[in-house]
Protein chains: 2
Amino acid sequence: MKKKITLKQIARELDVSISTVSKALRDSVEISEDTRQKVKAFAKLYNYRPNNIALSLKNRKTKTIGVIIPEIVHHFFSKVIRGIELVANKRGYNVIVGLSNESFDKEVINMQMLANGSIDGFILSISKETLQQQDYHHFKETINQGMPIVMFDRIVNEIDCDKVIIDDSKGSKNAVTKLLSNGCKNVAIITTKDYVSVGKLRTQGYLDALEDFKMSPETDLILKVDDELVSEDHLESLEREIEGLFKRNKAIDGVFAVNELYAIIAMKVARNLGMRIPEDIQFIGFTDGVLSKHATPSLTTVSQHGQQMGEKAAELLINNLEREDEEEHYKTIVIETELIERNSTK
Amino acid sequence: MKKKITLKQIARELDVSISTVSKALRDSVEISEDTRQKVKAFAKLYNYRPNNIALSLKNRKTKTIGVIIPEIVHHFFSKVIRGIELVANKRGYNVIVGLSNESFDKEVINMQMLANGSIDGFILSISKETLQQQDYHHFKETINQGMPIVMFDRIVNEIDCDKVIIDDSKGSKNAVTKLLSNGCKNVAIITTKDYVSVGKLRTQGYLDALEDFKMSPETDLILKVDDELVSEDHLESLEREIEGLFKRNKAIDGVFAVNELYAIIAMKVARNLGMRIPEDIQFIGFTDGVLSKHATPSLTTVSQHGQQMGEKAAELLINNLEREDEEEHYKTIVIETELIERNSTK
DNA sequence: ATCACTAGCGAAAACGTTTGCGTGTTGACA
DNA sequence: TGTCAACACGCAAACGTTTTCGCTAGTGAT
């Protein structure tokens, strides 16, 4: 087992100084062609690679990006990571991930672990608990210490940094408009509690679309699901809530759900109640997911282009990191959503 | 913007030496109670945290685990990552991810990027291309340089290292046995080409089950799908192949698929051909996925317990890293599979 | 023979830590 | 008053790089 070789060892073997070895490997003109060849040959033989940690210490940059997301077993977030990783690697950066698991404490701890020199900057999406508590001091401190942050999807306006989002309200407005144009007279929405910023915005889009069609919203058609209830296994209560929605409002002929799972489950409930999709009732979901594509019937959906969001976020961050001048002018980039029409709508 | 503060700066401000500051913060008895208090107060005020990179360089360990997986937009792999992250964090380690994207070159490059001091050890699942080319020199070299590797799921026996796998053949044998016990007389399998180790093993399990039931395998019931064709969007050709399978063998009354997607698509094709599930034909898939749960009918499936695999892999690696004695005795841990019965079987 | 110049190399500092050891200052005790 | 331990602190090395500066020996010109 030959351990990693260092400049010092090469220097000793070849009976030259460390500086000579370093310079030879970096093709400095100071070093004679002869020694250069010798050093390079030896280095290649022993498969020398500069120690990254030493370089990081010296250069005071790590060429590593920290990513904090609430959850990784999630189609959207993993697509974002793929996007981040893609451009990060292309530009010579590594990606280190932390999962907040939707918890405020884990978000803070994770950021602290990484902020102590391990990374050059953050890309993150805020956890639900943090959004609920509205405690953003850890973001502010991080930025104050000179470490740039790019937020995506779940953002908060108070923090001054680069952001990558989709136009949630526009995306859902389009979706609901589609339902209304398709002839739906009673469109319900299944959404989350308001503290989830994207849930709130998507609900707004729903209301906007109704207004465009001169329809007034009915409270009874708006179902705000408590997110706690939908933790992987507590789907029955969700089903019951949706079933209640349908039974109270027999006239519902269109459903817009703020995520894929809600839509899929709603379709299932509807089918069990004997409704035909899309003849009697049409569905549109919101997401990037795999469920929509393979559901029966396949679900019309608003795509968020997660990978593209990741790519954009990484570009913003790296550009910021590599910018010489200090003109900090934070951007907010809006990724266009796209309505992917499948068989759950006419 | 107050930059990160260092020992040196604290020392200068308090007019003591760097060593004194360091010792005071680490509660050394060498330092008087007085100075200790003073230093600590100052450090807290300025929110001092030791620079991780400097520590890594000094200790020659980074407390970081490198994870290389073929794909992250994948329910199984993201569950594994969640498991790794869970125990890694608990034990004070970070996780840095690299995606090979099923490519040999990217796998090699990613490993090289990380092996130069950035991490203490690898957890990885081999890319398809690497498996196909059977070129494992990068693994051997990494291990030779003293960096431990834990492989999971897609492993290869030639490499001597810790491994975490499921008993693929046993898992699928159980599944197929279930189908046969349920009365199926003609069970087909939809699998991958043989170079994917797990595909091969799962096919073996299928054959084993048949043998137990004194049935001889029919080549026509074994569909080996070329994985190239199933890249997200080329699903039509897969559908056509499966349709062909069904049309050639009208008697098929059970299908075992080596992954979730194949099973879902097969169900769809069957339904289009007018078969009833599970009355006329039963299905079982292999995976950890989300599709199975929400499909209609929901799919009976062999669960791989991805998160548990990740946890185990991380434990193995960290134990190895923190072990004092050099007794390298590599283990292979087998995670039990579990047959989750849903509505696609009787 | 003297000088200036250059090619080729080495010494040392710096990045931020930790830690073994040396040293100076106390106070107590003989 | 002299000796000695205990106490409190600083020095310096080490981790592996890169880079600035300086040194030496050799070359060519005068």
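Naming convention: chains lettered A, B, ... in sequence-line order (proteins, then strands); numbering from 1 in each chain. As a basis for the values below, the full set of heavy atoms in this structure was taken, side chains included, without hydrogen atoms, waters or symmetry mates.
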Nearest-nucleotide comparison on DNA chain D, the residue closer to the 5′ end among B:L57 and B:S17: B:S17
What is the distance, rounded to the nearest whole Å, between atom CG of B:N59 and atom C1' of C:dT18? 8 Å
Within the structure, does a side-chain N or O atom of B:R26 lie under 4.0 Å from either OP1 or OP2 of C:dT19? yes
Answer yes or no: are there more than 12 heavy-atom neighbours, outside A:D15 itself, under 6.0 Å from its atom CG? no
In this structure, how many angstroms lie between the P atom of D:dT20 and the CD1 atom of A:I18, rounded? 18 Å
Looking at A:K23 and D:dT20, is any side-chain donor or acceptor paired with a base atom of the opposite kind under 3.5 Å? yes
Choose from C:dC9, D:dG16, C:dT17 the nucleotide whose nearest atom is closest to any side-chain atom of A:I31. C:dC9
From OH of A:Y46 over to C1' of D:dG16, roughly how many Å is that when rounded to an integer? 19 Å
If the cut-off is 4.0 Å, is A:S22 near the phosphate of D:dT17, judged by side-chain N/O to OP1 or OP2? no
Would you confirm whether A:N47, through its side chain, and A:A43, through its main-chain N or O, come within 3.5 Å as a donor-acceptor pair? no
Any N/O donor-acceptor pair, B:E30 side-chain to C:dC21 base, under 3.5 Å: yes
Are any of A:K8's side-chain N or O atoms less than 4.0 Å away from OP1 or OP2 of D:dA14? no
How about A:K4: does its NZ atom have over 12 heavy atoms from other parts shown lying under 6.0 Å from it? yes
Can you tell me the distance, in whole Å, between the CZ atom of B:R49 and the P atom of C:dT18? 14 Å
Looking only at atom types and distance, does a side-chain atom of B:N320 sit under 3.5 Å from a main-chain N or O of B:L316, one as donor and one as acceptor? no
Respond yes when some side-chain nitrogen or oxygen of B:S56 is under 4.0 Å from OP1 or OP2 of D:dC15, and no when none is. no
Distance in angstrom units between A:L14 CG and C:dG8 P, rounded: 17 Å
Quick check on A:Y330: does its OH atom have over 12 non-hydrogen neighbours (other residues, nucleotides or ligands) under 6.0 Å away? yes
Could you check how far CG of A:N52 sits from C1' of D:dT18, rounded to whole Å? 14 Å
Under-4.0 Å side-chain N/O to phosphate OP1/OP2 contact, B:S28 with C:dT19: no
Between B:L55 (CG) and C:dT19 (P), how many Å, whole number? 10 Å
Does the side chain of A:Y48 get closer than 4.0 angstrom to OP1 or OP2 of D:dG16 through an N or O atom? no
Rounded to whole Å, how long is the line connecting atom NZ of B:K58 with atom C1' of C:dT19? 7 Å
C:dA11 base / A:S19 side chain donor-acceptor hit below 3.5 Å: yes
Side-chain N,O (A:T35) to OP1/OP2 (C:dC9) below 4.0 Å: yes
Taking atom types as they are modelled, is there a donor-acceptor pair under 3.5 Å from the base of D:dG16 to the side chain of A:K4? no
So, OP1 or OP2 of C:dA14: does either fall under 4.0 Å of a side-chain N or O from A:R60? no
Under 4.0 Å between a side-chain nitrogen and a carboxylate oxygen: does that hold for B:R82 and B:E311? no
Tell me whether the OP1 or OP2 atom of D:dA8 has a side-chain N or O from B:S32 closer than 4.0 Å. no
